[in-house]
A.B. asks: 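Pasting in a structure now, in structure tokens, and then I'll have a few things to ask.
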There are 2 protein chains.
Amino acid sequence: MMSDTGPSPIQRKSLHLELVDRLQPLIIGGELVPGSKVPEKELCDRFGVSRTPMREALKVLASDGLIRLEPNRGAWVTIVTISEVEEVFPVLGALEALSGKLACESITPAELDEVSDLHAQMIASYERRDLDAYFSINQKIHRAILMAARNDTLTASCQALSLRMQRARYLANMTEGRWYDAVQEHERILQYLLARDGENLAQTLLEHMEAKRQSVVRWLQAQEQEAAE
Amino acid sequence: MMSDTGPSPIQRKSLHLELVDRLQPLIIGGELVPGSKVPEKELCDRFGVSRTPMREALKVLASDGLIRLEPNRGAWVTIVTISEVEEVFPVLGALEALSGKLACESITPAELDEVSDLHAQMIASYERRDLDAYFSINQKIHRAILMAARNDTLTASCQALSLRMQRARYLANMTEGRWYDAVQEHERILQYLLARDGENLAQTLLEHMEAKRQSVVRWLQAQEQEAAE
DNA sequence: TGACTTAATTATGAATTCAAAATTACCGTG
DNA sequence: CACGGTAATTTTGAATTCATAATTAAGTCA
């Protein structure tokens, strides 16, 4: 159902890109702990590659902000700071708002069906309080809207920033109240999308991001508090 | 006058980052011709480095979209296509609009003076039809607004996309009419910034980008036409 | 014991090497 | 002469090597 990027590319991806794809989940999944050192040698052994392609991959991940390279001291998994959240969410908001506007212009009935379907699934996971499923489907919805916007540059930019925000399991933490609100927001998002009302969809996505930002910042502040004790 | 990123970093940048910084101007300046092969060995000789850091740099540049890596066939300088322009400018528009909004909240009187000064210089270069100076100052203005927005993530995103649009000398080509309009737009941009009118500044920056997009696309279409003959 | 040196070890950055792929040059055949 | 195929050359991707910087361990002395 997803739009294909091309006719089955036979070309083997270069090793370093393969590694980028493999390392990303380790970082956002928390297996590589934020603030800890990236165990270069260990990862080389694990993936059965030499240091050269691994280090190339680390350079790319660093340019995406997922890790930090300290000269002569190796690579470190970056941590999500409050100030970074305050920076990234407004940018992400602007980009998602644009994606909503563009999606309304280009989305097909089939794609609308798909989003509706995903939305229903998301509601179902909300009702049985399945947070993991909820988050997974939630992301699929945002991605589906992005796809419908038909703008690969926009997709890539959103993707990169989203990854940075997913580094920890922080986002998977919501109060019951915030969760309810988020679902309401998504209800509006779906309605505006179905109505192809770009302006209101953009506005709602912006508010959605702003609310998410607040929620994440609150949680991080609570974490800080906790750590101080 | 520009805000310093920190207290004189003694730490030597890693070689590959140094190379990224050195290669970028070669690409956007057109010395590395769009569509041509990146002469890896030649560049290694020129900068006196081995292939390892050079190849690391190329991987990073590729992830920024300035070059394209074809497996087993080397690196190629990407060309600015019409469809890419149609993609990038709307994204850049959204980001610049945000930067305008944020700048209105945080810009200092000293920074406002600086922008006013740059604006005056830009008008002067317009009046003597000095396109190179005009473009250079123009960029400084956009960058100053970006700095005033106090959002490094936003700055980095804008920077990356701007670079992609600067790859050729295409942008330095404007009709007399378009040039005049651009100056008028910049007049409004300055006024809204001085008035700290975020909403209108954002809107104007958006329109500015849209106009620029149209102008660049027209020029590229003309180029295509020319090439076909 | 504990701070300060100094030596051993390890990790990092970058050059070099090597196998595989792609390109070019060469050559025979129709 | 054009075409197809094979061998030589070059380029690329990735492993290995090597010098240097950083870290750890050991030893010295107050």
A.B. asks: Rounded to the nearest Å, what distance is computed from the CD atom of residue Glu40(A) to the C1' atom of nucleotide dG13(C)?
C.D. replies: 10 Å

A.B. asks: Starting at the 5' end of DNA chain D, which residue's closest nucleotide do you reach first, Val49(A) or Trp76(A)?
C.D. replies: Val49(A)

A.B. asks: Quickly work out the Glu42(A) CD to dA11(C) P distance and round it to whole Å.
C.D. replies: 11 Å

A.B. asks: Between Arg213(B) and Glu96(B), does at least one N-O distance fall below 4.0 Å, as a salt bridge requires?
C.D. replies: no

A.B. asks: Looking at Glu111(A) and Arg150(A), does any basic side-chain N land under 4.0 Å from a carboxylate oxygen?
C.D. replies: yes

A.B. asks: Mind checking whether His208(B) and His142(B) have parallel, tilted or perpendicular rings, split at 30° and 60°?
C.D. replies: parallel

A.B. asks: Whole Å only: how far is the NZ atom of Lys59(A) from the C1' atom of dG13(C)?
C.D. replies: 8 Å

A.B. asks: Let me know the distance between CD of Glu70(B) and C1' of dT12(D), rounded to the nearest Å.
C.D. replies: 13 Å

A.B. asks: Could you give the CG-to-C1' distance, from Leu43(A) to dT12(C), as a whole number of Å?
C.D. replies: 15 Å

A.B. asks: By nearest heavy atom, map Ala75(B) and Gly48(A) onto DNA chain D; which one lands nearer the 5' end?
C.D. replies: Ala75(B)

A.B. asks: Rounded to whole Å, please give me the gap between CG in Asn72(A) and P in dA22(D).
C.D. replies: 5 Å

A.B. asks: Can you tell me the distance, in whole Å, between the NZ atom of Lys41(B) and the C1' atom of dT16(C)?
C.D. replies: 12 Å

A.B. asks: Could you state the atom-to-atom distance from CG of Leu19(B) to C1' of dA14(C) in whole Å?
C.D. replies: 11 Å

A.B. asks: Compare the minimum distances between each of dT12(D), dA14(C), dT12(C) and the side chain of Leu15(B), then state the nucleotide with the smallest one.
C.D. replies: dA14(C)

A.B. asks: A side-chain contact here means heavy atoms from C-beta on lying under 4.5 Å apart; do Arg143(B) and Gln139(B) qualify?
C.D. replies: no

A.B. asks: Phosphate oxygens OP1/OP2 of dT12(D): is one of them under 4.0 Å from a side-chain N or O of Arg55(B)?
C.D. replies: no

A.B. asks: Taking only the side-chain nitrogens and oxygens of Ser50(B), find out if one of them lies under 4.0 Å from OP1 or OP2 of dA15(C).
C.D. replies: yes

A.B. asks: Across the strands shown, which category fits Arg73(A) at heavy-atom distances under 4.0 angstrom: base, sugar-phosphate, nothing?
C.D. replies: sugar-phosphate

A.B. asks: May I ask you to say whether Glu84(B) pairs ionically with Arg68(B), meaning some side-chain N is under 4.0 Å from a carboxylate O?
C.D. replies: no

A.B. asks: Among dT17(D), dA11(C), dT12(D), which nucleotide has an atom closest to any side-chain atom of Arg51(B)?
C.D. replies: dT12(D)

